[in-house]
**Q** 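Right, I'll just put the structure down here and ask away after.
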Amino acid sequence: MPADDHLNFIEQIIENYIADPPQTAGADLLPIATRFPPEPNGYLHIGHAKSICLNFGLSKKYNGNFTLRFDDTNPSKEETEYVESIINDVQWLTGESMDGKIRYASDYFDQMYAWAEELINKGLAYVCDQTLDEMRDNRGTPDKPMTPSAGRSFSPEKNLELFRAMRDGKFQDGERTLRAKIDLASPNFNMRDPVMYRILKTPHHRQGDKWCIYPMYDWAHGLEDSIEHITHSICTLEFEHHRPLYDWFLDHLDGIWRPHQYEFARLNLTYTVMSKRKLLELVKSAPAACGGLNVSGWDDPRMPTICGFRRRGYTPEAVRNFCKEIGVAKFNSTVDVVKLENAVREDLNKTALRRMAVLNPVKLVIDNYPVSGGTCSGTEYLEAINNPENPADGTRKVPFSKVLYIEADDFMEDAPKKYYRLTPGQEVRLRYAYYVKCTGCVKDENGKVIEVHCTYDPATRGGQSPDGRKVQGTIHWVSAEHAVDAEVRLYDRLFTKESPDDPQDPADYKEYLNPNSLQIIENAKLEPAFSADDFNRRENLRYQFERIGYFCLDNSPRAAGTNKLVFNRTVSLRDSWAKVNR
Ligand code: ATP
Ligand code: MG
């Protein structure tokens with residue numbers, strides 16, 4: 001079949017498979033089946049998102065099956081909290097319920113155990129009495145084979161007896177292991193009699209005390225794939241050297257479904273870390289250990305976790321589009337986080353409702369605006385467009401009055417030439433409202449501007465001048481009398497260094513935490529379209545604050561039972577980082 005440029009290399013493999021189905025033992029050709037196999041020992045991050053999009057996407061594209069399989073073979077680090085968060089995140093990202101698709105590797109422990117006995121009976125596995133340290137010391141070098149342990153030459157009957165004793169709790173943690181009898185001299189160290197089972201007297205989150213021996217990843221993974229009739233078991237490149245072992249186990253068991261493993265490049269992203277161990281460390285460490293920085297949890301909006309993204313206002317569509325854009329390759333690389341942010345901007349530009357919000361307010365007084373009588377009696381309601389990208393989102397009425405809030409930096413007393421905002425003598429447009437001409441300002445005793453003054457032209461209602469007069473600048477505003485108070489949290493990159501955990505760098509990655517990654521604005525002023533109603537009705541409300549960025553309502557105050565409005569900045573309108581840190 002000719003290579004198709006539009007297919008990634010895994011799709012190409014699948015299309016070849018469909019065109020020329022393999023003669024597989026134990027079952028007829030089944031639908032394409034993929035799985036996402038997280039270990040429930042942490043929350044999912046953007047790297048996992050890539051794997052989910054790939055595996056789930058393939059099952060959709062080829063009308064196949066998908067399983068969300070918890071690889072829960074290590075009871076010491078696993079918790080139910082992680083299982084629940086993972087299900088939630090996968091459902092959010094894929095937009096589909098995982099009902100009927102969830103599996104647990106631990107449900108296969110009986111079957112795996114039976115297969116282990118099969119290998120022992122065939123003389124292909126034995127019980128070893130070396131400790132892990134001894135095993136390491138005995139593993140040999142590329143030129144020198146591994147030193148075998150006594151069990152390697154025991155009879156299958158004796159090994160079976162010992163293995164059953166292991167299972168029955170007759171040995172302590174670390175005293176014995178079950179190992180595959182493969183090749184003491186293999187140039188691939190994974191094949192030098194790898195461990196299949198170890199003793200761990202730790203209760204399991206689903207199995208309780210039923211087991212005190214637990215299967216190792218390399219032994220378990222292919223069996224899990226086989227039980228689920230996975231056709232394409234896709235994992236990251238580090239497992240390439242484990243594939244011979246994956247194949248060896250499956251090849252030596254009788255009459256089982258034969259899956260195949262394929263490897264793709266893992267995703268790395270700039271300005272963040274992705275190892276679960278490090279993310280856990282950030283979540284659990286006291287602020288003092290992180291340069292005073294306090295990551296509030298796995299869902300802190302600065303974390304590269306799926307739940308962090310969700311809380312920050314990223315959409316599942318944006319994350320999926322990003323994963324599609326970066327593609328699937330066979331070599332590792334680091335993707336610029338700007339790509340992810342651009343995917344978020346692109347999606348939110350289409351969907352986010354526009355609102356006016358002033359983050360750093362100063363009063364703007366329209367001296368000739370009538371307070372009562374005249375054309376209006378203090379307040380008028382002006383029509384504003386909710387989303388220029390989507391006319392179906394309609395319009396809203398925004399209250400306008402004599403005293404407004406504007407951004408402090410939209411006024412300058414002594415402005416340079418190309419400053420098109422408010423400065424004495426200059427006319428600007430108030431978005432959706434009127435042309436106003438700045439007349440001056442009032443300052444406090446320290447010289448800080450506390451009020452800007454202007455006059456308006458009633459003929460320019462709606463922001464257009466009937467005489468065709470043009471203005472260079474348009475600024476946003478909020479009516480002071482009607483403004484709603486909110487807290488706004490501005491997030492920046494969690495790290496100041498592009499690759500904070502670069503293995504070449506001796507410094508600890510935590511030294512590169514960005515101390516300015518969160519700025520809290522306590523007293524932002526929002527137009528009253530943000531009502532308690534909005535707040536109570538819907539989750540994940542996402543907005544564009546005009547001229548500022550994309551924001552979403554944070555649900556944590558509501559969860560805590562208060563009515564405080566808190567907005568998280570999802571992403572700025574443009575990438576300002578590139579300029580600032582040049
Ligand atoms: P750790 O951070 O401890 O190395 P892990 O990220 O490998 O753990 P798993 O729960 O084993 O965590 O991962 C589940 C699946 O997600 C695996 O199939 C793995 O290959 C894939 N995966 C993990 N990290 C990435 C990544 N950065 N890019 C692409 N896929 C990933
Ligand atoms: Mg892993």
**Q** Using 4.0 Å as the upper bound for N to carboxylate O, is an ion pair formed by R461 and E380?
**A** yes
**Q** Find the distance between CG (L490) and CG (D492) and round it off to the nearest 0.5 Å.
**A** 9.0 Å
**Q** Anything under 30° is parallel, anything over 60° is perpendicular, the rest tilted; go ahead and classify F70 against Y104.
**A**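 Aromatic pair F70/Y104 classed parallel.
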**Q** Verify, without hydrogens or angle tests, whether R345 (side chain) and S572 (backbone) share a donor-acceptor contact under 3.5 angstrom.
**A** yes
**Q** Can you spot which of T439, L364, L430 makes a side chain to side chain contact (heavy atoms under 4.5 Å, CB included) with L422?
**A**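 The passing option is L364.
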**Q** Could you tell me the separation between the CD atom of E81 and the CD1 atom of I86, rounded to the nearest 0.5 Å?
**A**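 Answer rounded to 0.5 Å: 10.0 Å.
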**Q** Working to the nearest 0.5 angstrom, can you tell me the gap between N8 CG and L54 CG?
**A**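 CG of L54 is found 6.5 Å from CG of N8.
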**Q** If I compare all heavy atoms of I366 with all of T455, which pair ends up nearest, and what's the gap?
**A**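 For I366 and T455, the tightest heavy-atom pair comes out as CG2-C, 4.2 Å.
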**Q** Applying salt bridge (Lys or Arg N to Asp or Glu O under 4.0 Å), run through D457 and R469 and close with a yes or a no.
**A** CA-CA 11 Å; D457 176 356; R469 195 162 90 243; 3.0 Å; yes
**Q** Taking only residues two or more places apart in sequence or in another chain, which ones pass ring pair (Phe, Tyr, Trp, His ring centres under 6.0 Å) with Y43?
**A** Y82, W298
**Q** Taking atom types as modelled, find out whether D393 and N386 have a side-chain donor-acceptor pair closer than 3.5 angstrom.
**A** no
**Q** With the side chain counted from C-beta on, respond yes when L58 and I234 share a heavy-atom pair under 4.5 Å apart, and no when they do not.
**A**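 Sidechains of I234 and L58: in contact.
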**Q** Output yes when a side-chain donor or acceptor of Q426 lies under 3.5 Å from a complementary backbone atom of R421, and no otherwise.
**A**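 Flag set: sc Q426 to bb R421 pair under 3.5 Å.
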**Q** Heavy-atom distance under 4.5 Å between the side chains of T305 and D299, does that happen here?
**A**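 The answer is no, as the side chains (C-beta and beyond) never meet within the 4.5 Å cut-off.
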**Q** Drop me the distance from T34's OG1 to R69's CZ, to the nearest 0.5 angstrom.
**A** 10.5 Å
**Q** Would F309 and Y314 count as a ring pair (Phe, Tyr, Trp, His ring centres under 6.0 Å) if you check the C-alpha gap in whole Å, the side-chain angles of each, and the deciding distance to 0.1 Å?
**A** CA-CA 5 Å; F309 288 167; Y314 285 19; 4.7 Å; yes
**Q** Does N294 use its side chain to pair, donor to acceptor, with the backbone of S296 at less than 3.5 Å?
**A** no
**Q** Could you tell me whether the side chain of K402 and the main chain of P370 form a donor-acceptor pair under 3.5 Å?
**A**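 Checked: no pair found.
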**Q** Any salt bridge between D501 and K510, counting N to O under 4.0 Å?
**A**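 The answer is no: the pair does not qualify as a salt bridge.
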**Q** When the ring centroid of Y369 is compared with that of F400, is the distance short of 6.0 Å?
**A**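 Ring-ring flag for Y369/F400: true, centres closer than 6.0 Å.
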**Q** Quick one: list whatever passes ring pair (Phe, Tyr, Trp, His ring centres under 6.0 Å) with Y432, sequence neighbours left out.
**A**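 Ring pair (Phe, Tyr, Trp, His ring centres under 6.0 Å) check on Y432 returns nothing, list empty.
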**Q** With side chains defined as the heavy atoms from C-beta onward, is the minimum distance between E11 and Y62 less than 4.5 Å?
**A**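 Touching, per the 4.5 Å side-chain cut-off.
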**Q** Can you tell me if NZ on K363 sees more than 12 non-hydrogen neighbours from other groups inside 6.0 Å?
**A** no
**Q** Do NZ/NE/NH1/NH2 and the carboxylate oxygens of E96 and K60 come within less than 4.0 Å?
**A**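 A salt bridge links E96 with K60.
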**Q** Measure across G100 and R103 and return the closest heavy-atom pair with its distance rounded to 0.1 Å.
**A**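 For G100 versus R103, the nearest heavy atoms are O-NH1, 3.2 Å.
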**Q** Just by modelled atom types, is the L269 backbone N or O under 3.5 Å from a matching donor or acceptor in the T272 side chain?
**A**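 No: the side chain of T272 does not pair with the backbone of L269.
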**Q** Of I450, V449, D409, D410, which meets side chain to side chain contact (heavy atoms under 4.5 Å, CB included) against V362?
**A**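 By the side chain to side chain contact (heavy atoms under 4.5 Å, CB included) criterion, V362 pairs with just one of I450, V449, D409, D410: V449.
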**Q** S479 and S401: side-chain donor and acceptor closer than 3.5 Å?
**A** yes
**Q** Main chain of V337, side chain of T270: is a donor-acceptor contact present, judged purely on distance under 3.5 Å?
**A** yes
**Q** Within the side chain of S499, is there an N or O that forms a donor-acceptor pair under 3.5 Å with the backbone of D502?
**A**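 Side chain of S499 to backbone of D502, a donor-acceptor pair under 3.5 Å: no, none is there.
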**Q** Kindly confirm or rule out a cation-pi arrangement of K437 over Y456, judged by NZ or CZ under 6.0 Å from the six-membered ring centre and within 45° of its axis?
**A** no
**Q** Tell me yes or no: between the side chains of R302 and S517, is some donor less than 3.5 Å from an acceptor?
**A** yes
**Q** Do the side chains of E39 and K77 get close enough for a salt bridge, i.e. N-O under 4.0 angstrom?
**A**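 Salt bridge: no.
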**Q** Donor-acceptor pair, K50 side chain versus A265 backbone, under 3.5 Å?
**A**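 Yes; at least one donor-acceptor contact below 3.5 Å.
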**Q** Work out which heavy atom in P40 is nearest to a heavy atom in D71; give both atom names and the distance.
**A**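 Looking at all heavy atoms of both residues, the shortest contact is CD-O, 3.9 Å.
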**Q** So, T67 and R35: side-chain donor and acceptor under 3.5 Å apart, yes or no?
**A**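 Short answer, no.
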**Q** Does R266 use its side chain to pair, donor to acceptor, with the backbone of T236 at less than 3.5 Å?
**A**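 Looks like no, no N/O pair under 3.5 Å.
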**Q** Taking the six-membered ring of W477, is the NZ or CZ of R431 close enough (under 6.0 Å from the centre) and on axis enough (within 45°)?
**A**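 Because its charged atom misses either the 6.0 Å distance or the 45° angle limit, R431 does not stack over W477.
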**Q** Restricting to ring pair (Phe, Tyr, Trp, His ring centres under 6.0 Å), what partner residues turn up for Y512, sequence neighbours left out?
**A**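 For Y512, no residue satisfies ring pair (Phe, Tyr, Trp, His ring centres under 6.0 Å) once neighbours in sequence are set aside.
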**Q** Could you walk me through whether H482 and E527 satisfy the side chain to side chain donor-acceptor pair (under 3.5 Å) test, starting with their C-alpha distance in whole Å, then the side-chain angles of each, then the deciding distance to 0.1 Å, before giving a yes or no?
**A** CA-CA 7 Å; H482 306 89; E527 64 166 277; over 6 Å; no
**Q** Between L279 and H45, is any pair of side-chain heavy atoms under 4.5 Å apart?
**A** yes
**Q** Could you pull out the closest heavy-atom pair between A459 and P466, with the gap in Å?
**A**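 Taking A459 first and P466 second, the nearest heavy atoms are O-CD, 3.2 Å.
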**Q** Is there side-chain contact between R396 and V398, with at least one heavy-atom pair below 4.5 Å?
**A** yes
**Q** Salt bridge (Lys or Arg N to Asp or Glu O under 4.0 Å) between E546 and R355: does it pass, once the steps are laid out?
**A** CA-CA 6 Å; E546 293 205 35; R355 293 290 183 262; over 6 Å; no
**Q** How about D347 and T315: does a side-chain donor come under 3.5 Å of a side-chain acceptor?
**A**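 Short answer, yes.
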**Q** Does the side chain of E325 reach to within under 4.5 Å of the side chain of K339, using non-hydrogen atoms?
**A** yes
**Q** From I475 CD1 over to L404 CG, what is the distance, rounded to the nearest 0.5 angstrom?
**A** 8.5 Å
**Q** When you compare the side chain of T80 with that of E84, does any pair of heavy atoms fall below 4.5 Å?
**A**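 The answer is yes; the side chains approach within 4.5 Å.
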**Q** Any salt bridge linking R312 with D300? Criterion: basic side-chain nitrogen under 4.0 Å from a carboxylate oxygen.
**A** no
**Q** Mind listing the closest non-hydrogen atom pair of R354 and I385 along with its distance?
**A** CB-O, 4.1 Å
**Q** Between Q544 and A352, which heavy-atom pair has the shortest distance, and what is it?
**A**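 Smallest heavy-atom distance, with atoms named: N-CB, 3.7 Å.
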**Q** Could you tell me if the ring centre of F66 sits under 6.0 Å from that of F36?
**A** no
**Q** Identify the residue among L93, D89, I87 that makes a side chain to side chain contact (heavy atoms under 4.5 Å, CB included) with Q91.
**A** I87
**Q** Are side-chain heavy atoms of F322 and L267 found at a separation under 4.5 Å?
**A**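 In short, these two side chains touch, coming nearer than 4.5 Å.
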**Q** Is it true that E79 and H205 share a donor-acceptor pair across their side chains at a distance under 3.5 Å?
**A**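 The answer is no; no qualifying pair exists.
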**Q** Quick check for you: to the nearest 0.5 Å, what is the distance between I46 atom CD1 and N268 atom CG?
**A**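 Going from the CD1 atom of I46 to the CG atom of N268 covers 12.0 Å.
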**Q** With a 3.5 Å cut-off and no angle check, do the side chains of K350 and N390 form a donor-acceptor pair?
**A**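 No, no side-chain donor-acceptor contact under 3.5 Å.
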**Q** Please say whether the positively charged group of R493, taken as NZ for Lys or CZ for Arg, lies over the ring of Y271, i.e. under 6.0 angstrom from the six-membered ring centre and within 45 degrees of the axis.
**A** yes
